[in-house]
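Below: one structure, written as structure tokens.
Just so you know, ligand 1 is whichever comes first in the structure, and atom 1 is the first atom listed for that ligand. Below, all heavy atoms of this structure are taken into account, side chains as well, without hydrogens, waters or symmetry copies.
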Amino acid sequence: MLMNHSIIYCSQISNSYYLAMETKPRPQLHIFFLPFMAPGHTLPLIDIAKLFASRGVKCTIVTTHANAPIISQAIKTSIGFGFEIKLVLIKFPSTEVGLHEGIESIKLEKTKEMRKGLVKATTLLQQQVEQVLDQHHPHCLVADFLFHWATDVAAKFEIPRLVFHGTGFFALCALKSIMLYQPHLKVSSDSESFVIPSLPNEIKMTRNKLVPFLTLNGKTELIKLIKLSREAEERSYGIIVNSFYELEPDYADHYRKVLGKKSWHIGPVSLCNNVEIDRSERGTEGLVDEAKECLNWLNSKNLNSVVYICFGTMTKFSDSQLVEIAYGLEASGQQFIWVVKKEKNDKEAWLPEGFEQRVKGEGLIIRGWAPQLLILQHEAIGAFLTHCGWNSILEGVSAGVPMITWPVSAEQFYNEKLVTQILGIGVPVGAQNWEDGSLQSEASVKREAIEKAVTEFMVGNKQEEMRTRVLALGEMARRAVAEGGSSFSDLTVLIEELSFLGS
Ligand code: UDP
């Protein structure tokens, strides 16, 4: 029988824990992972499961049928190495919430109605997860932050629930501070800046850049879900953070000491993909040809001469915004790879006429999915124009690529501050407003701003300093995940603690 551990903290258990380790043979630790159905949440949690499995932990990933192929692909190499990692499938209740069969990921939403259905469906998985926990009796449940009910489910089985957040310490601290002190309610307009109180650095923000759940008072399903998830997080055993100590030491300390939340940093987790096929096929069921084509193109380019542009998996820009990007890139005269989440057969109203012909040889558009890890690691990439999703930032840092920042939603405006103000490894394009993905909206960043940011960065004198800094951070990232490094050691501590709790 497992103990009830919700109030046991690392420092409190240390003595009895080492005694117990010496006296009792321990069963193999078995962890269940429950990734949220969106690539930016699923991909790092698969990497985390692979990391645990590589350290001798038995890992089971719970997912749904339509999400299974990508996960199966991602764990093939680990299984080949003999690590214990497998999938358990549950049914995504698409039809129950009015969605077509097979619509099982937030990335497939096309309308607000679909988003509502998808979010609702994720709240209906609780019973099935309870059933599989009952069958398998794992020692711990690592569930995405958005599965708020996972804390209660784990408590029912008397096992710890760890939250996987998908963002770094800086954003966690900034958000928590805003929620505690409510500085955004003390300014008179959405564009008036305020200082986020009680952080290690002076960080200014405006209401325009805040996640709407702070200002909208729970009006949408997603906002309600986020509020419930925050409450469940407070009651959880602790948090797994995809970051490394050397990247944001003041904020890792602040989060733990001042904000009092127990956490383990074990990233950058994407660095566990050290076999090439895992990098080229990450997030797909097989991309080898496109990956080869894009790498061949990059092989023909000079060192640091190409801008890589990608807005992650969830950003939905209006056609008018995409047109501005195209004109801005063309006017910059810089070489680029631009990833656009459009299918090949779309009527391409988002592309200025003759654009691809004019930029031929200088610019490459990837429609759909790009092998981002491989692209960023290519020596021809000189800058990353990014929406500041946390995975993308960590991947840019790990590859030593400086950034042009264009945050759009989620916690991306905080991540921008970390990159531009604290780490000094990027420059902002000038985005001012959090966007909800309304496809009718006007372009909020105009072609002139895009041209200016890209040109100044690529031909200006700031990029060398930034590259030096980000290369050093990339080196620290690799050291952090190597044996004896800060992330490697934190994972060891976590595994030992969970093993103790489960024995
Ligand atoms: N990604 C990719 N190819 C793409 C788009 C995204 O491999 O064409 C990966 C990227 O490497 C990252 C993840 O998808 O690991 C996106 O996560 P992020 O946090 O950057 O953004 P989100 O999509 O969650 O906004």
Specify the protein heavy atom at minimum distance from [atom]: its residue, its atom name, and the distance to 0.1 Å.
| atom | result |
| --- | --- |
| atom 20 (O) of ligand 1 | Ser392 OG, 2.5 Å |
| atom 23 (O) of ligand 1 | Thr313 OG1, 2.4 Å |
| atom 24 (O) of ligand 1 | Gly40 CA, 3.3 Å |
| atom 19 (O) of ligand 1 | Asn391 ND2, 2.8 Å |
| atom 2 (C) of ligand 1 | Trp369 CZ2, 3.1 Å |

Q.
For a quick test of reading the model, state the closest non-hydrogen atom pair linking Leu118 to Ile103 and the distance between them.
A. CD2-O, 3.8 Å

**Q.** For Gly312, the ligand 1 atoms whose distance to one of its heavy atoms is below 4.0 Å
**A.** 23 (O)

Q | Atoms in ligand 1 flagged as close to Gly389, the criterion being non-hydrogen separation under 4.0 Å | A | 18 (P), 19 (O), 20 (O), 21 (O)

Q) For Ile90 and Val129, what are the C-alpha separation, side-chain angles and deciding distance, and is it a side chain to side chain contact (heavy atoms under 4.5 Å, CB included)? A) CA-CA 8 Å; Ile90 56 175; Val129 171; 4.0 Å; yes

(Q) Walk me through whether Phe145 and Ile226 qualify under side chain to side chain contact (heavy atoms under 4.5 Å, CB included). (A) CA-CA 8 Å; Phe145 150 76; Ile226 292 173; 4.2 Å; yes

Q) For Phe83, is the NZ or CZ atom of Arg55 found under 6.0 angstrom from the centre of its six-membered ring and inside 45 degrees of the ring axis? A) no

Q.
Just to verify, what does Arg256 make a side-chain hydrogen bond (donor to acceptor under 3.5 Å, both in side chains) with, not counting sequence neighbours?
A. Ser263, His265, Asp490

(Q) Assess the residue pair Phe33 and Phe52 against the criterion (side chain to side chain contact (heavy atoms under 4.5 Å, CB included)); give the C-alpha distance rounded to whole Å, side-chain angles, the decisive distance to 0.1 Å, and a yes or no. (A) CA-CA 11 Å; Phe33 296 85; Phe52 274 95; 3.7 Å; yes

Q) Between Asp190 and His184, do the side chains contain an N or O donor and an N or O acceptor separated by less than 3.5 Å? A) no

Q: Ignoring hydrogens, just give me the one of Arg282, Met314, His387 whose non-hydrogen atom is nearest atom 25 (O) of ligand 1.
A: His387

Q.
Minimum distance, heavy atoms only, to atom 8 (O) of ligand 1: which one of Glu395, Arg367, Lys341, Gln372 is it?
A. Lys341

Q) So, Glu395 and Arg282, do they make that salt bridge, N to O below 4.0 Å? A) yes

Q: Output yes when Glu324 and Lys446 qualify as a salt bridge under the 4.0 Å nitrogen-oxygen rule, no when they do not.
A: no

With a heavy-atom distance limit of 4.0 Å, tell me whether [X] approaches ligand 1 through its side chain, its backbone, both, or neither.
| X | result |
| --- | --- |
| Val339 | side chain |
| Trp390 | backbone |
| Ala370 | both |

**Q.** ligand 1 N/O within reach of Leu43 N/O, cut-off under 3.5 Å
**A.** no

